[in-house]
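What follows is a single structure, written as structure tokens, with notes after it.
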Amino acid sequence: MTPTSPTPSRAQTAASAQKSVILIASVAALAGFLFGYDSAVINGATEAIRNQFNVDAAPLGFAVASALVGAAFGAFTGGSLADKLGRIPVMKIAALLFFISAVGSGLAPGIYTLIIFRIIGGIGMGVASVIAPAYIAEIAPANIRGRLGSLQQFAIVIGIFLSQLVNKILADVAGGSGEMLWFNMGAWRWMLLVEAIPAFAYLVGAYLIPESPRYLVAAGKTEAARKVLERVLESSQVDSSLDRIKESLSRETKPSIRDIRGTAWGLKPIVWVGIALAVFQQFVGINVVFYYSNTLWQSVGFTEEQSFIFSLISATINVTITIVAILLVDRLGRRPLLLTGSAGMAVTLGTMAVIFAMAPVGADGPILSSSTGLIALVSANLFVVFFGVSWGPVMWVMLGEMFPNKIRGAALAVAGFAQWFANFLVTQTFPSLAEFSLGLAYGLYAMFALLSLFFVLKFVSETRGVELEDMTE
């Protein structure tokens, strides 16, 4: 009798499938890295841009927020493009937009040119913010979908961290963000140009990962979908998963924005829940920390060098705590993390509001003593902790998985648009609001954090362990 090779054990098969899906999801999450880098890199360049182009608070706020205008458009169109072209082609488009934006922004001769290229990058951000969580949710097994979905936020915070690190290194080498560096270009320009490197890596990565099995089935490519499922699932699960996808698609019509219409103010209730999750994530003011932290700390008396260090510390904390969130999201569930985060953010933001409201105001803004400055700094970083373990990753996980298959693309487009529009509002208004009263600004963010707590208690359902095919309206 000819000896046969031993059949791999079920555990070995499961381990191999899990390794494969983690690698695929990690490549897809590079979109989040670019999203984080592109959105936060402007932090280190803000003061140099103000001086280079001689702009005041309102134009500066729009220069920073201009990427978010493009992101809102990209998020709104990304879902429908992905349904028509496929998930992978849309990832390639996003990568090209990031690359063009990085080069154009770094070489911009004036503030309006800079804004145009920031908007182009913003479109890439918006597309990436929709396609990455949807793709990961569609390719991930239910038992680890939360952790894999959290890779999007983990990649975002890694992008934020590296942007702050690159900003500090370049500013240190040049002697300041506005000082000249290589080829007689300011350090702030190199901060923006460096993004071209990960943008190219994302483009290459998009050629190496498979298309979403759900999209392949919808496109009539069942055998191709089977091959993808064989890479990411145990062999015993492939047929049943394929059958569930077919059954789900057989009940659906062609995806359309009309699918999300309902009786609750024109939209289905679940879509409103997704919109509210997206808006609350931004209205707590998290991106004020990452877009304006250098400007904020300088305005209350710290040096530029100290401000770069504080921004890097916040980014490091964000990365570390997101790892904790990834470990917890499939163990504790989504709702407990959201509730904990809302409560913690309300307290820490409220503390900052009180400190800034009570501080004496000088010519350049509030004047903090060594003790109040330390409390403000600790509160800001604790705020990042509570956000990073909850609303940061969990919002993306839930948007990728909470909608029924029939409306996922359209609902993600609307929720993504809402998320970026809210981001734009916060980013655009902060410079002027901060000039009027930092206490008021952080008081508003604290109020929204508190409101988010009651919203989750009332309207958000747990999605841990639920198959995508079983999501209901």
Side-chain angles (χ1 to χ4, degrees), residues 40 43 46-47 50 56-58 60-61 64-65 164 279-318 321 339-392 422-423 425-454:
N43 181 27
T46 301
E47 288 304 302
R50 185 202 297 268
D56 57 25
L60 180 67
V64 174
Q164 303 308 309
V279 170
F280 274 124
Q281 193 214 38
Q282 291 303 310
F283 276 9
V284 298
I286 184 62
N287 283 319
V288 166
V289 174
F290 296 117
Y291 296 172
Y292 291 113
S293 59
N294 279 26
T295 300
L296 171 63
W297 296 123
Q298 289 179 63
S299 73
V300 295
F302 293 103
T303 65
E304 182 183 50
E305 183 179 1
Q306 290 173 320
S307 298
F308 271 111
I309 293 172
F310 295 157
S311 295
L312 189 58
I313 289 172
S314 294
T316 303
I317 291 171
N318 203 15
I321 201 64
L339 292 170
T340 301
S342 294
M345 290 189 298
V347 172
T348 52
L349 287 168
T351 301
M352 293 178 70
V354 171
I355 288 174
F356 287 126
M358 296 182 65
V361 180
D364 297 323
I367 301 172
L368 303 184
S369 66
S370 57
S371 59
T372 55
L374 178 60
I375 294 172
L377 184 60
V378 170
S379 296
N381 285 312
L382 283 176
F383 164 58
V384 171
V385 168
F386 283 110
F387 179 87
V389 81
S390 60
W391 283 82
N423 192 339
L425 287 178
V426 172
T427 306
Q428 174 66 30
T429 58
F430 179 75
S432 299
L433 193 58
E435 282 191 352
F436 178 75
S437 171
L438 274 174
L440 175 61
Y442 281 96
L444 288 173
Y445 304 147
M447 178 191 71
F448 283 113
L450 185 61
L451 288 174
S452 73
L453 175 68
F454 295 109

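Just the heavy atoms: all of them, side chains too, but no hydrogens, waters or symmetry mates, feed the values below.
- S342 and S452 share a donor-acceptor pair across their side chains, judged by distance under 3.5 Å alone.
- To the nearest 0.5 angstrom, I375 atom CD1 is 12.0 Å from M352 atom CE.
- Taking the side-chain contact (heavy atoms from CB on, under 4.5 Å) definition, one finds that L451 meets it with F280, M447, F448, sequence neighbours left out.
- Here side-chain hydrogen bond (donor to acceptor under 3.5 Å, both in side chains) pairs that include residues 378-388, with residues two or more places apart or in two chains, are S314-N381.
- Between atom OG1 of residue T351 and atom CZ of residue F356 there is a gap of 11.5 Å, rounded to the nearest 0.5 Å.
- Using a 4.5 Å heavy-atom threshold, the side chains of F387 and I321 count as separate.
- In this structure the side chain of F386 reaches within 4.5 angstrom of the side chain of T348, judged on heavy atoms.
- Annotation: the span from L444 atom CG to F283 atom CZ amounts to 10.0 Å, rounded to 0.5 Å.
- Taking each heavy atom of A446 and A346 in turn, the nearest pair found is CB-O, 4.0 Å.
- A pairwise comparison of heavy atoms in L349 and A449 identifies CD1-CB, 4.2 Å as the closest pair.
- Here the closest non-hydrogen pair linking Q282 and N423 is OE1-CG, 3.1 Å.
- Y442 and Y445 have perpendicular rings, their planes meeting at more than 60° on a 0 to 90° scale where under 30° would count as parallel.
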